[in-house]
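Just follow the structure's listing: the first ligand is 1, and inside any ligand the first atom is 1.
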Amino acid sequence: MAQKTVPPLPSADQLAWSDMEIYLFIHFGPNTFSGKEWGSGNELASSFNPSALDCRQWCRIAKAAGAKGIIITAKHHDGFCLWPSAYSTHTVAYSPWENGRGDVLKNLSEACKEYGLKMGVYLSPWDRNHPAYGTVAYNSIFENMMREVVKNYGPFFEFWWDGANGEGPDGKKQNYDWRTYEQTLRTIAPHTIIFSDIGPDARWAGNEKGYAGETNWNLLDTAGFKRGEGAPPQDTLQQGNVFGKNWIPAECDVSIRPGWFYHTAEDSLVKSPQTLFELYMKSVGRGANLLLNVPPDTRGLINEKDSASLMGFKKLRDENFRHNLLQDALFSFNQNGIQYKNSLLADDDESTFIKTGIGEKGGVTFQFKQPIMLNCIELQEPIAFGQRVMTFSLMLHLKDHTIIEIKGTTIGHKRLISFPRQEITSFDLVIHSSKNDPLISTVKAFLLND
Ligand code: FUL
């Protein structure tokens, strides 16, 4: 029997997007060569001259790191276009790189296809270079640039509208025509996830440190809010709104280095595999996606330090999540006494969802034949039917003793709950409050390396 849904619901594209979990961010442009984070827009196009740019190297590394795609700063706030746009004179075509015949977006779109990665673009609405910025004409220029990149290098899995804007009181001020931008993108790229502070399809998680709220609803109320300055408060973006009207899941962006762009001085400050793993637990493990920035250096290559850290991060994920302790152990549901193997649980097979009740009487018990050691439990809701669980507990038992009760709030796409390692013989999952009947699609248990 088909499940009842609890709206708002994700679109098929949003569901596929949530399953991507990790993808890379590439910040690259004149700032790579000037050492700046925010270019003034007055940089010379001649400063852009990577000596060995190779987008295939980026893709090879992304693929090996287990990332599912790459989002590139096609245009950052300094206005420099990494493709030869017909709507600007501040582009790769005016640079010495490949004698002005180079096209970073073309290279990347070909490399992504070759490596089976999805591509996305960041196009900064704030433009400190374009002469038309601050006039009505800029709105159609921005739209035309969107059309240009979608047509020439799409399809894109995601389109990133950055919220930063440092126009200042005396500078040019642009009245962005967001409504038309959105209509334009929807028309030319109906399957592309549009990201901004407030969506419409994916939202900023409210910080640039790479974590979502411990409570994280995929729902958000956007009425009365704007992008940038007028965005919802940080904690709202981190947590979403429990009764939010729109399905707008969170994306956690963070750089592998202190800066978004490459600076040699930060070579010793690349985040370690362990730090990245902790961020994974706080982003993907809280039901959000992780957008990890890995900025190419002045050669146009991902630096050895960054790629070593990414490989270490992948290794940690592989090692820690290789062995689902519930995979082999038979466990029982106290509801119906039927014994399941956890591998039967899958999002797309409704008959295998765990349909728990609410409160202790409706909980499910996972009973092991032998005591097992664990320190992490993974839960998933089949979010296609709506996000439901509001509060839950995991009660860990060794024989007749309850060792620990771990309380949680939301589950959503994926929830990784870690705790000090324990030897247990059973655990209960108890849902205390939920919108409509709770549904759980996945339960796994792991022993992570301490
Ligand atoms: C911010 C920008 O101002 C930073 O330069 C960077 O691109 C970051 C991802 O978003 O809003």
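In this structure, the side chains of Pro296 and Asp54 stay at 4.5 Å or more apart for every pair of heavy atoms.
A distance-only check finds no donor-acceptor pair linking the side chain of Asn107 to the backbone of Ala111 [under 3.5 Å].
Heavy-atom contacts of Phe25 reach the following atoms of ligand 1: 9 (C) (cutoff under 4.0 Å). Taking every heavy atom of Trp38 and a limit of under 4.0 angstrom, the matching atoms of ligand 1 come to 2 (C), 3 (O), 4 (C), 5 (O). Set against the non-hydrogen atoms of His76, the atoms of ligand 1 under 4.0 Å away are 4 (C), 5 (O), 6 (C), 7 (O). Shown in contact with Glu208 at under 4.0 Å from a heavy atom are these atoms of ligand 1, numbered in order with element: 1 (C), 8 (C), 10 (O), 11 (O).
Comment: Arg186 does not engage Glu182 in a salt bridge, judged by the lack of any side-chain N to carboxylate O separation of less than 4.0 angstrom. A salt bridge does not link Arg257 with Glu37: every distance from a Lys NZ or Arg NE/NH1/NH2 to an Asp or Glu carboxylate oxygen is 4.0 Å or more.
Using a 30° and 60° split on the angle between ring planes, Tyr122 and His77 fall in the tilted class, from 30° to 60°. Under the 30°/60° scheme for interplanar angles, the aromatic rings of Trp178 and Tyr176 are found to be tilted.
Atom 2 (C) of ligand 1 has its closest protein heavy atom at His77 NE2, 3.3 Å. The nearest heavy-atom contact from the protein to atom 6 (C) of ligand 1 is His27 NE2, 3.3 Å.
At least one N/O-N/O distance between Tyr122 and ligand 1 falls below 3.5 Å. Considering backbone and side-chain atoms alike, Asp162 places an N or O below 3.5 Å from some N or O of ligand 1.
By the criterion of a heavy-atom distance under 4.0 Å, the side chain of Asp253, and not its backbone, is placed next to ligand 1.
Side chains of Trp217 and Gln387: no donor on one and acceptor on the other come within 3.5 Å.
No heavy atom of Phe261 sits closer than 4.0 Å to any atom of ligand 1.
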